[in-house]
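If you're wondering where the values come from, they're calculated on a predicted model, not measured in any experiment.
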Amino acid sequence: MLKHQKNNMQRIFARIIMVSLGAIIMALGLELFLVPNQIMDGGIVGVSIITAHLLNLPLGIFIFILNLPFIYLGYKQIGKTFALSTGLGITVLSAATLALHSLHPFTKDTLLATVFGGMILGIGVGIVIRYGGSLDGTEILAILFNSKTPFSVGEIIMFFNIAIFTVAGFIFTWEQAMYSILAYYIAYKMIDIVIQGLEESKSVYIISDEIDEIGQTIMDRLGRGVTFLHGEGAYTGNDKKVIFTVITRLEESKLKSIVAEIDDNAFLAIGNIAEVKGGRFKKKDIH
């Protein structure tokens, strides 16, 4: 019981530290790169940037105020842990942007600000999402509307951001709006990298008449464990053994070569995995 409580406290402490760190990193991207160069972010943060510009007030005030309703919605729609993590992240983000507001930007070159601002923003948001929080209420709003409209969460977020970038084009310039879309895309890709990691994991299914030899070779030459699943061909009705294993992106080419060497006609399906936990995923020595 004590060990379980200690582990829970460690997880909570790690979440507080990492959500706060992610929020501070996002604030750096906003205040030192994007906002001084009139480059937008999407979502509620984008609305906050426009509002702060029109009223000539610090960005942090509006990030906090405009996101408050979504923290409550997050509590109702997703749960208390998510709402608390999101509330912490938004509070730290607001405070950090207020603290950084008076500093000079790192660069006045719009392209550099777009690229590096988008990367830093994506790293910050990715860290917060990885630890169970959010720094923007748009996704919560999209989840709410998703149950009342025929559109998916992704489509609702896309429509919302198109509207924001269109407004930005009128308020700033259309050139700045295009830079904003580029920054948003860079941030989106960085979020994926932070959440999934550079050494992205992949799931592999293999069906072959040489399944035992393929399985043994994968263990010997890749150092990965394999699991044999039992299936049945729908057309022939024959029993089939199926290999399931998990590899990294860097091992994909070698695995394909192993399968092709043993059975060039083998069925091979490879898919991306966001996270792997437990089991025996740790790589063994190869020979």
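Checked options I63, V45, L21; the residue passing with M26 is V45 (criterion: side-chain contact (heavy atoms from CB on, under 4.5 Å)).
Atoms CG and CG, from L30 and L135 in turn, are 9.5 Å apart once rounded to the nearest 0.5 Å. Interatomic distance, I206 CD1 to I243 CD1, rounded to the nearest 0.5 Å: 4.5 Å. One distance of note links CG of L98 with CD1 of I61; it measures 6.0 Å at 0.5 Å rounding. Distance check: N272 CG to S203 OG gives 8.0 Å after rounding to the nearest 0.5 Å. Rounding to the nearest 0.5 Å gives a distance of 8.5 Å between CG of D239 and NE2 of H230. Atom CD1 of I171 is separated from atom OG1 of T166 by 11.0 Å, given to the nearest 0.5 angstrom.
Although no hydrogens or angles enter the test, the distance criterion places no donor-acceptor pair under 3.5 Å between the side chain of T245 and the main chain of V226. Side-chain N or O atoms of T173 include none that pairs as donor or acceptor with a backbone N or O of G169 at under 3.5 Å. Put simply, the side chain of R15 never gets that close to the backbone of S85: no donor and acceptor are under 3.5 Å apart. Between the side chain of R224 and the backbone N or O of M219, no donor-acceptor pair lies under 3.5 Å. A donor-acceptor pair under 3.5 Å is absent between the side-chain atoms of N67 and the main chain of D136, judged by distance alone. K254 places a side-chain N or O within donor-acceptor distance of the main-chain N or O of R221, the cut-off being under 3.5 Å. With hydrogens and angles ignored, the 3.5 Å screen pairs a side-chain donor or acceptor of D109 with a backbone N or O of L111.
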- request: Using the side chain to side chain contact (heavy atoms under 4.5 Å, CB included) rule, take L57 and F62 through it: C-alpha gap first, then chi angles, then the decisive distance, then the call.
  value: CA-CA 9 Å; L57 290 169; F62 297 102; 3.6 Å; yes

task: Start with the C-alpha distance between K256 and E251, add both sets of side-chain angles, then the distance that settles salt bridge (Lys or Arg N to Asp or Glu O under 4.0 Å), and finish with yes or no.
output: CA-CA 9 Å; K256 287 178 178 176; E251 294 167 331; over 6 Å; no

message: Does L59 form a side chain to side chain contact (heavy atoms under 4.5 Å, CB included) with V35? I'd like the steps, not just the answer.
response: CA-CA 9 Å; L59 172 62; V35 175; 3.8 Å; yes

task: Verify side chain to side chain contact (heavy atoms under 4.5 Å, CB included) between Q176 and T110, making sure each step is shown before the conclusion.
output: CA-CA 9 Å; Q176 298 308 108; T110 308; 4.1 Å; yes

- request: Starting from the C-alpha separation in whole Å, work towards a yes-or-no answer on side chain to side chain donor-acceptor pair (under 3.5 Å) for N161 and Y184.
  value: CA-CA 10 Å; N161 285 328; Y184 182 80; 2.8 Å; yes

task: Test E252 against L255 for side chain to side chain contact (heavy atoms under 4.5 Å, CB included), laying out the working first.
output: CA-CA 5 Å; E252 182 178 348; L255 179 130; 5.9 Å; no

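Not a single ring-ring contact (aromatic ring centres under 6.0 Å, His included) links Y188 to another residue, sequence neighbours left out.
Ion pair K241/E210 not flagged as a salt bridge, since none of the NZ, NE, NH1 or NH2 atoms sits closer than 4.0 Å to an Asp/Glu carboxylate oxygen. D209 and K240 are joined by a salt bridge, as a carboxylate oxygen and a charged side-chain nitrogen come within less than 4.0 angstrom of each other.
Annotation: side chain of M40 is in contact with side chain of F172 (closest heavy-atom distance under 4.5 Å). In this structure the side chain of K202 never reaches within 4.5 angstrom of the side chain of V246, judged on heavy atoms. By the 4.5 Å heavy-atom criterion applied to side chains, P105 and L32 are not counted as neighbours. Between S20 and L88, the closest side-chain pair of non-hydrogen atoms falls below 4.5 Å. Between S94 and T91 there is no side-chain heavy-atom pair separated by less than 4.5 Å. Contact annotation: the side chain of L103 never approaches that of E31 to less than 4.5 Å [non-hydrogen atoms, C-beta and beyond].
Residue Y72 qualifies as open at atom OH: its count of foreign heavy atoms under 6.0 Å is 12 or below. More than 12 heavy atoms of other residues, nucleotides or ligands shown are found within 6.0 angstrom of CZ on F244. Residue F160 qualifies as enclosed at atom CZ: its count of foreign heavy atoms under 6.0 Å is above 12.
In this structure, F82 and S134 approach most closely via the heavy-atom pair CZ-CB, 3.7 Å.
Using a 3.5 Å distance cut-off with no hydrogens or angles, the side chains of D212 and Q216 do not pair a donor with an acceptor.
The aromatic rings of F33 and F106 sit tilted relative to each other, their planes meeting at an angle between 30° and 60°.
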